Peer 1: 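Take this structure first; my questions come after.
Chain letters run A, B, ... following the sequence lines, proteins first and then strands; every chain starts at 1. Treat the numbers as computed from the prediction; the structure is a model and nothing was measured.
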Amino acid sequence: MTLNTTSLHPLFAAEVSGVDTTRALSADDAAAIETALDTHAVLVFRDQRLTDDQQLAFSRSFGELEETRGTGISKPGEQRLHPAFADVSNIDKDNTLLARDDRRRLYSLGNMLWHSDSSFKAVPAKYSILSGRIVATSGGETEFADMRAAWAALDNATKAEIEDLVCEHSLIFSRELLGFGDLTPEERATMRPVRQRLVRTHAGSGRKSLYLASHIGTIIGWPMPEARAFIRDLTEHATQPAFVYAHKWRPYDLVMWDNRATMHRVRRYDNAQPRDMRRTTVAGTEMTAQQEESLAA
Amino acid sequence: MSMEIRPVAATFAGEVSGIDLTGPVTPADVAAIEAGMDRHAVLVFRDQRCTDDEQRAFTRNFGTLEQAPGGHVAKLDERRLPLDMQDAGNLDKDQRVFARDDRRRMFNLGNRLWHSDSSYRAVPAKYSLLSGRVVVDLGGQTQFADMRAAYDALDAGTKTEIADLVCEHSLLFSRGELGFEVTEEERAMFLPVRQPLVRSHPVTGRKSLFLSAHAGGIVGWPVPEARAFLCELTEHATQRQFVYSHAWTRYDLVMWDNRCTMHRVTRFDETKPRDMRRTTVAGTV
């Protein structure tokens, strides 16, 4: 396999050619893709007509996969896909469109806020791999922000101020921002906040990045409103147009990104049209911060 | 010397020279200022060493003073300023800087979110006049967004979609975004009111987006969908090309039209005193 990349943005994101993700990857192929991700953080593979099994096999070339059970609000038996898939579509098990006020749809609108996948887990995600099986014809772009560039562009005083700060992340916080507050006690229990450093260093490239997400609810040791106002300022800085690549989907695009160095969000689209997007997630291997004792146990 | 207005940003905001606001202002000057407001939406007057009474007197040239009740969690006996003057500073009655976790300070942090003054009142504010008595050197800028330009720049499909939408505004929503907890009594005081999402300026007829961090729902829409959409519109409306940032010099007086702008304060070192006093001209519709 010869992997060729074409840049999609001045700072990051590249389109890859010469890779067929439906076939088994050699260890060298996987390493070449990892190396490309260390540089570009977002890779776009065009025209990848994957089955679910092929997507699982491709994803497992990069590590263990996350299971989505116990993280969202879907009930057992409601899920359309294999438990290693995160379903970011707008259709249910019977492939019918979710109603406008369907609880699952309203919950998934949290994806319109800037986030990094699974930052609400003590060990957050490494890569996400999203396959566009049926894409929106208008809107529904996935936007990515380069959090390494965002860190690098901060002034020295801000860098010094935030370098050692630790944040609390939870799905409760991102959903609260949208007024999705009617979580059950069981859901609240599974969504208990975890701690993450605000500045992290990438294992592959050694580059520092801002570790932001709308899942952040506070900064340890700060009054909550002050923390939230500050996190909003940092997010606005980190998502300014110069740091953002907007991916306009074509059918069968496969987009792979590094959650350790980027944030992303989906833009608004017409909910009357089906959108079938299937995500697999490569689990991370380490925490970014010490958890509270009860959680680390 | 006669009054002049010089534009300071691309689409709006002007700086006024040749007028002293501490004394009586002629009807011709008042008319010229109103006309300037209709055009520029934000006017900056430099070096106006107003007393509170002089600020009130100047403000009354443009209508009735809005009274503060219902707009804050500070109790009456905690207030530093009378009810017809809103305290946008960080000082208590004894002129001491609020402690970091003081509840009044936590509440004031809502001013870091883009908003239009008193959009949570059934009759929202017309003008706000903010006098910088003690200003900070670093940060603490007031940023303004031109909501007429933001409306004009929307695509035709979005203009049609939002033309008749009505939003619910409440201090509960802006403070909820920051995780500020309110008492039952405050919750009752902060009952949501309805505002159109698109409004027309009564004098110029120009349409503008009526957004505010206080907007927490769209009537008839599921709440999360409404919030996500309002976030998107706010992001659109506060793009750099629609924003003027005002860096304060002591005794600046800045006047803005809440019917066609949003504003916010940027972060500053809150261990330093900042004394900013606002009078507000009540709206009439």
Peer 1: Please determine whether a side-chain nitrogen of the Lys or Arg among A/Arg232 and B/Glu235 lies less than 4.0 Å from a carboxylate oxygen of the Asp or Glu.
Peer 2: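 Here A/Arg232 does not pair with B/Glu235 in a salt bridge, since their nearest N and O are not under 4.0 Å apart.
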Peer 1: If I measure from the heavy atoms of chain B, does A/Phe230 come under 4.5 Å with its side chain, its backbone, both, or neither?
Peer 2: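 Both parts, backbone and side chain.
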Peer 1: Considering only heavy atoms, which portion of A/Arg105 lies under 4.5 Å from any heavy atom of chain B: side chain, backbone, both, or neither?
Peer 2: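 A/Arg105 touches chain B through side-chain heavy atoms alone.
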Peer 1: Specify which of B/Arg175, B/Glu181, B/Arg264 makes the most heavy-atom pairs with chain A at under 4.5 Å.
Peer 2: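 Top count of heavy-atom pairs under 4.5 Å with chain A: B/Arg264.
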Peer 1: Measure A/Arg265 against the heavy atoms of chain B and call it side chain, backbone, both or neither at under 4.5 Å.
Peer 2: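 The answer is the side chain of A/Arg265.
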Peer 1: Between B/Phe173 and chain A, which part of the residue has a heavy atom less than 4.5 Å away: side chain, backbone, both or neither?
Peer 2: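 Neither part.
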Peer 1: Can you tell me which of A/Leu106, A/Thr239, A/Leu113, A/Ile231 forms the most heavy-atom pairs within a distance under 4.5 Å of chain B?
Peer 2: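 Maximum pair count with chain B is reached by A/Leu106.
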Peer 1: Which heavy atom of B/Val223 sits nearest to which heavy atom of A/Leu178, and what is that distance?
Peer 2: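 It is CG1-O, 3.6 Å.
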Peer 1: Does B/Arg227 form a side chain to side chain contact (heavy atoms under 4.5 Å, CB included) with A/Leu177? I'd like the steps, not just the answer.
Peer 2: CA-CA 8 Å; B/Arg227 294 259 182 110; A/Leu177 287 177; over 6 Å; no
Peer 1: May I ask you to say whether A/Glu161 pairs ionically with B/Arg267, meaning some side-chain N is under 4.0 Å from a carboxylate O?
Peer 2: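 Salt bridge between A/Glu161 and B/Arg267, a charged N being under 4.0 Å from a carboxylate O: yes.
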Peer 1: Stepwise, does the side chain to side chain contact (heavy atoms under 4.5 Å, CB included) test hold for A/Arg228 with B/Phe180?
Peer 2: CA-CA 10 Å; A/Arg228 294 228 186 147; B/Phe180 180 87; over 6 Å; no
Peer 1: Show your working on side chain to side chain contact (heavy atoms under 4.5 Å, CB included) between B/Glu177 and A/Glu176 and close with a plain yes or no.
Peer 2: CA-CA 8 Å; B/Glu177 294 286 290; A/Glu176 237 173 32; over 6 Å; no
Peer 1: Is a salt bridge present between B/Glu161 and A/Arg268, judged by a nitrogen-to-oxygen distance below 4.0 Å?
Peer 2: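 Looking at B/Glu161 and A/Arg268, the cut-off is met.
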Peer 1: Just wondering, more than 12 heavy atoms not from B/Asp164 lying within 6.0 Å of its CG?
Peer 2: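 Count not over threshold, so no.
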Peer 1: Check the surroundings of atom CZ in B/Arg194: do more than 12 heavy atoms from other residues, nucleotides or ligands lie under 6.0 Å from it?
Peer 2: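 Open: at most 12 neighbouring heavy atoms sit under 6.0 Å from CZ of B/Arg194.
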Peer 1: Is B/Leu138 atom CG crowded by more than 12 heavy atoms from other residues, nucleotides or ligands, each under 6.0 Å away?
Peer 2: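 No.
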Peer 1: For chain B, which candidate among A/Met224, A/Arg267, A/Arg175, A/Arg100 shows the most heavy-atom pairs at distances under 4.5 Å?
Peer 2: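 Looking at each of A/Met224, A/Arg267, A/Arg175, A/Arg100 in turn, A/Arg100 comes out on top.
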Peer 1: Side chain, backbone, both or neither: which part of A/Met112 has an atom under 4.5 Å from a heavy atom of chain B?
Peer 2: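 Looking at A/Met112, just its side chain touches chain B.
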Peer 1: Check whether A/Glu226 gets within reach of chain B through its side chain, its backbone, both or neither, counting any heavy atom under 4.5 Å.
Peer 2: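 A/Glu226 touches chain B through backbone and side-chain heavy atoms alike.
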Peer 1: Using a cut-off of 6.0 Å, state whether more than 12 heavy atoms not belonging to B/Lys207 lie near its atom NZ.
Peer 2: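 Open: at most 12 neighbouring heavy atoms sit under 6.0 Å from NZ of B/Lys207.
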Peer 1: May I ask you to name which of B/Met106, B/Arg240, B/Arg112, B/Arg100 has the most heavy-atom pairs under 4.5 Å with chain A?
Peer 2: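 Sorted descending by pairs with chain A, the first entry is B/Arg100.
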Peer 1: Looking only at heavy atoms, which two atoms of B/Leu178 and A/Ala229 are closest? And how far apart?
Peer 2: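 Taking B/Leu178 first and A/Ala229 second, the nearest heavy atoms are CD2-N, 3.8 Å.
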Peer 1: Does any backbone or side-chain atom of B/Leu113 lie under 4.5 Å from a heavy atom of chain A? Answer side chain, backbone, both or neither.
Peer 2: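 Answer is side chain: those atoms of B/Leu113 sit under 4.5 Å from chain A.
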